[in-house]
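Structure, as structure tokens:
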There are 2 protein chains.
Amino acid sequence: MDKEFQQKLAQIMKANDWHLGIGDVSNATGVSQTKLRYWEHKGYIESIQGKGQNRKFTYSMLMKVYQMKLLLDQGYTLAVAAQKAESKSHELKILKQVLFDRFEGMAEIDGEPAVNLGYLDDKQDSILYAIVNKDGTKFKVVPVTK
Amino acid sequence: MDKEFQQKLAQIMKANDWHLGIGDVSNATGVSQTKLRYWEHKGYIESIQGKGQNRKFTYSMLMKVYQMKLLLDQGYTLAVAAQKAESKSHELKILKQVLFDRFEGMAEIDGEPAVNLGYLDDKQDSILYAIVNKDGTKFKVVPVTK
DNA sequence: CGTGTAAGGAATTCTGACACG
DNA sequence: CGTGTAAGGAATTCTGACACG
């Protein structure tokens, strides 16, 4: 994977530069459009308004909606579900940051596709790879040969 | 992050159970709707048809479209761009798999939010964490205390 | 080949009201 | 409070045709 593409990919992802319609969010999460509008009205979720047209939701908001749905299913009130989802939203943002901060490109290790995750630590004497095969994903620390 | 939510999150992501409209894909990638329809007609990309209504695109397809756009900008023909994008699509699938195979939940290390990435290797004597702070993301290997 | 536009119909989403509780 | 429905308008997307090259 070339650097340029990688950088632009990181850009598009970080900017959250893409949005879903209310129908898509509703279908993905199983939360009705009516609920989504009400939740937004109450300030629990947010949407983007492009020139007074239709709502658009970010990926983060999709995740928050889904979390709220799960919490409601567990018996929480809407207000509590929204509050709990907020903290989980934070966790998901971290997850995303980890991914895009550290993703350094694709590689091949032991004949398997692998993701180069960069230096393991500040010593910068070994690189961490995630190796993917049918059985799942394993890590491998590879010393740098100079 | 509780196990149940995690599993369901993994489910929703793995199933690719959410779709974007053509307008959202067009806005996110800068590729016109006309192009998207033509590319689909030629078989370079795919969309889901829900009961003869409007097209819906998956996240993977959004990425493929974006890659094709970058390749076209670089001067490749449409056919070649599509072919090159196909192999990159494969890489992105791996990236996604790494993320969801290994994500074991949130933790706190040295007072910073961190992602538990599970056992470093088969010895299962140490766990890999990704620690997040303002400066970015670093890894830390923590021995298991039994 | 690869993309654009105008055209009219079909599907989606919008708001404000009213309903139930 | 939290959600649903019917209602009519507004915005989006659809297809097939025609254009340029």
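No hydrogens, no waters, no symmetry mates; every other heavy atom, side chains included, goes into these values. Below, read A as the first sequence line, B as the second, and so on, with proteins coming before strands; counting in each chain starts at 1.
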Please determine whether side chain to side chain contact (heavy atoms under 4.5 Å, CB included) holds for the pair B:Asp24 and A:Lys56, giving the CA-CA distance in whole Å, both sets of side-chain angles, and the decisive distance to 0.1 Å.
CA-CA 9 Å; B:Asp24 298 326; A:Lys56 293 295 173 186; 2.9 Å; yes
So B:Ile127 and B:Tyr119, side chain to side chain contact (heavy atoms under 4.5 Å, CB included) or not? Walk me through it.
CA-CA 4 Å; B:Ile127 289 176; B:Tyr119 290 120; 4.0 Å; yes
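Paired regions of DNA chain D, where each region holds three or more successive Watson-Crick or G-U pairs whose two hydrogen-bonding distances fall under 3.5 Å, are C:2-5 with D:17-20, C:17-20 with D:2-5.
Per the geometry, CD1 belonging to B:Ile22 stands 5 Å off P belonging to D:dC14, to the nearest Å. Residue A:His19 contributes atom NE2, which lies 14 Å from atom P of D:dT12 at whole-angstrom precision. Taking atom CG of residue B:Asn27 and atom P of nucleotide D:dT13, one finds them 8 Å apart after rounding to whole Å. Spacing between atom CD of A:Glu40 and atom C1' of C:dT13 amounts to 13 Å, rounded to whole angstrom units. Whole-Å rounding puts the A:Asp24 CG to C:dT13 P distance at 7 Å. Between the CZ atom of A:Arg55 and the P atom of D:dT12 there is a distance of 14 Å, rounded to whole Å. The OH-P distance, from A:Tyr44 to D:dG2, rounds to 5 Å in whole Å. One interatomic measurement links the two molecules: CG of B:Asn54 to P of D:dT13, which rounds to 7 Å at whole-angstrom precision.
Hydrophobic clustering (ILVMFWY, side-chain heavy atoms < 4.5 Å, transitive): A:Val31 and A:Leu71 are in distinct clusters. Both A:Tyr129 and A:Val144 are part of a single hydrophobic cluster, where members link through side-chain heavy atoms under 4.5 Å apart.
The side-chain hydrogen bond (donor to acceptor under 3.5 Å, both in side chains) test with B:Arg37 singles out one residue from B:Glu40, B:Gln33, B:His41, and that residue is B:Gln33.
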Would you mind building the protein contact string for nucleotides 3-9 of chain D? One character per nucleotide, 5' to 3', B for base within reach (heavy atoms under 4.0 Å), S for sugar-phosphate only, - for untouched.
BBB----
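Checking side-chain atoms of A:Ser26 against main-chain N and O of A:Ile22 turns up no donor-acceptor pair under 3.5 Å. Between the A:Lys138 side chain and the A:Asn133 main chain, no donor and acceptor come within less than 3.5 Å of each other.
Evaluation of the salt bridge (Lys or Arg N to Asp or Glu O under 4.0 Å) test over residues 106-119 of chain A, restricted to residues two or more places apart or in two chains, returns A:Asp110-A:Lys140, A:Glu112-A:Lys134.
Between B:Trp18 and A:Trp18, the two ring planes are parallel [angle under 30°; tilted spans 30° to 60°].
At the heavy-atom level, A:Arg37 lies under 4.0 Å from base atoms of the strands shown.
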